[in-house]
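Here the structure comes first, spelled out in structure tokens, and everything after it is commentary.
Residue numbers begin at 1 in each chain, while the letters A, B, ... track the order of the sequences. All values below were derived from every heavy atom in this structure, side-chain atoms included, with hydrogens, water molecules and symmetry-related copies excluded.
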2 protein chains.
Amino acid sequence: MNKTLKRMATMQRMQVTGLELFYKKGYYNTSVDDILKELSLSKGAFYYHFDSKEDFFIQIVENLLVRKMYSMLIEPIEGHENTLDMITNCFEEALETAVHNEFDFGFVLSNFINEFNGKNEKIMKHLNDILRIWEANLVSAIQRGKFNGHIDRHVDSEGVAVYLMSAYIGVRTLMVETAPSARKYRFMSQLRQYFKSMEPKSENAVNQSSGYGTYN
Amino acid sequence: MNKTLKRMATMQRMQVTGLELFYKKGYYNTSVDDILKELSLSKGAFYYHFDSKEDFFIQIVENLLVRKMYSMLIEPIEGHENTLDMITNCFEEALETAVHNEFDFGFVLSNFINEFNGKNEKIMKHLNDILRIWEANLVSAIQRGKFNGHIDRHVDSEGVAVYLMSAYIGVRTLMVETAPSARKYRFMSQLRQYFKSMEPKSENAVNQSSGYGTYN
DNA sequence: CTTTAAACCGACTAAGCGGTCGGTTACTTT
DNA sequence: AAAGTAACCGACCGCTTAGTCGGTTTAAAG
């Protein structure tokens with residue numbers, strides 16, 4: 001086997017198992033040895049491939065988390081049909097995974113954000129980058145919806161994006177432990193209702209002001 | 001000074017500082033010594049008053065977290081006026097605190113839920129209890145609103161409660177680090193729009209704010 | 001087959017952890 | 001003043017951690 005291929009394979013194995021354990025037990029609560037035991041590898045192998053535990057985690061974020069985010073929450077809404085429907089289906093599926101996957105303890109990203117916030121600025125930067133990508137993508141999806149007439153022109157794209165992200169992150173936290181399926185169902189029907197209020201109004205409808213000016 | 005008073009005072013000091021540090025740095029990432037150093041107290045004092053670190057934390061949850069939850073998210077909406085307005089104001093104020101308090105890293109409860117989930121079932125039970133109290137309180141507030149005519153009768157109280165909790169928990173996570181004030185603002189205007197879609201549809205509806213536009 | 005370096009091993013270190021315990025201080029009671 | 005005890009001290013123990021390093025295996029290259 002090619003040397004560089006072997007290197008890649010080992011690093012990949014370590015990262016996949018690392019993410020799984022960090023996700024399940026938390027970063028600070030997972031030791032390097034825990035990961036190595038799972039893989040029957042040694043400390044030497046680990047520190048041959050990675051500079052430190054922190055460096056290891058950052059590479060996991062860059063290699064695995066970013067891709068996971070894209071495949072679950074970004075690519076599914078990149079089509080050109082009805083944006084709100086696509087977002088609805090995207091959330092529906094992502095939450096369905098959460099219900100059935102016992103390894104799924106809340107939203108990966110928000111878990112880590114909570115864990116590293118105020119503790120590790122360097123890692124936080126990488127995590128916030130992913131959030132910003134998600135946000136930017138939601139915003140442009142909503143603007144696309146406004147452009148092609150599926151969403152009312154007066155809707156505040158940035159506001160909706162923040163609200164959607166909040167709701168999704170929150171329900172993922174709520175779905176751990178207590179009645180995940182019921183909560184998913186309730187969440188989704190409220191989301192649909194929220195989206196309904198964003199459908200285009202009649203031509204001469206008064207601007208219903210997405211908030212500006214009524215603040216406090 | 002009375003002995004029992006002194007005991008109470010010391011335990012209180014320990015719990016307040018403990019919560020602050022656990023909140024800021026996480027439970028597993030905060031050592032008992034960290035807390036004691038802050039208070040200039042010794043291991044002996046700690047283990048004289050508490051059985052273990054875990055017992056200590058549970059007492060913090062029961063004594064401090066429950067009260068914090070009540071004073072910030074439950075009592076403010078227990079009045080008998082327009083329920084939606086009360087919830088709006090309650091969230092507004094809770095988020096305003098989050099914006100200005102540098103010690104405020106996300107929603108206390110959701111932080112801890114994320115940290116203990118899958119790791120400490122005993123503590124998780126206590127945390128989930130608080131969530132259930134909050135949920136029950138929101139549900140009855142919404143039902144009250146339906147009863148006194150401020151909320152449409154067809155609204156799903158449980159659904160709205162889950163959605164509100166999700167959104168609040170999520171935005172608190174989002175507000176850490178990146179543009180908390182802007183995100184709070186956007187969140188609140190979307191929340192108002194969401195609430196607007198829940199106002200009574202029938203013609204004998206309660207007056208809904210001033211101005212133009214009586215559609216919807 | 002020999003050379004060479006990448007890949008991996010695992011004992012070791014220093015630091016930090018939760019928790020223990022015999023001793024000391026400070027206050028109450030008699 | 002003496003005795004008793006609640007409150008507190010801090011050295012210590014056993015254990016785990018991230019990270020180091022000299023040595024060994026593996027496999028491609030000459």
A:Lys125 side chain vs A:Glu121 backbone, donor-acceptor pair below 3.5 Å
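Looks like no, no N/O pair under 3.5 Å.
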When you measure from the side chain of A:Asp55 to the backbone of A:Asp51, do you find a donor-acceptor pair of N or O atoms at a distance under 3.5 Å?
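At least one qualifying donor-acceptor pair exists.
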Counting only side-chain N and O atoms of [X], is one of them less than 4.0 Å from OP1 or OP2 of [N]?
X       : N     : value
A:His49 : C:dC8 : yes
A:Thr10 : C:dC8 : yes
A:Arg7  : C:dA6 : no

Between B:Tyr27 and B:Lys53, is there a cation-pi geometry (under 6.0 Å to ring centre, at most 45° from the normal)?
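Yes, B:Lys53 and B:Tyr27 form such a contact.
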Please report, rounded to the nearest Å, how far the [atom2] atom of [N] is from the [atom1] atom of [X].
X       : N      : atom1 : atom2 : result
B:Leu36 : D:dC9  : CG    : P     : 9 Å
B:Tyr48 : C:dG22 : OH    : P     : 17 Å
A:Met8  : C:dC8  : CE    : P     : 14 Å
A:Phe50 : D:dA18 : CZ    : P     : 15 Å
A:Leu39 : C:dC8  : CG    : P     : 11 Å

Test side chain to side chain contact (heavy atoms under 4.5 Å, CB included) on A:Ile133 and A:Tyr70; report intermediate values, then the result.
CA-CA 9 Å; A:Ile133 294 173; A:Tyr70 265 91; 3.6 Å; yes
Sugar-phosphate atoms are those with a prime plus P, OP1 and OP2; base atoms are the rest. Using that split, label each nucleotide of nucleotides 16-21 of chain C B, S or - for protein heavy atoms under 4.0 Å, 5' to 3'.
-SBBBB
On the 0 to 90° scale, with breaks at 30° and 60°, tag the B:Trp134-B:Tyr168 ring pair as parallel, tilted or perpendicular.
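B:Trp134 vs B:Tyr168 ring planes: perpendicular.
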Determine, using ring centers only, whether B:Phe57 and B:Phe116 are less than 6.0 Å apart.
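Yes.
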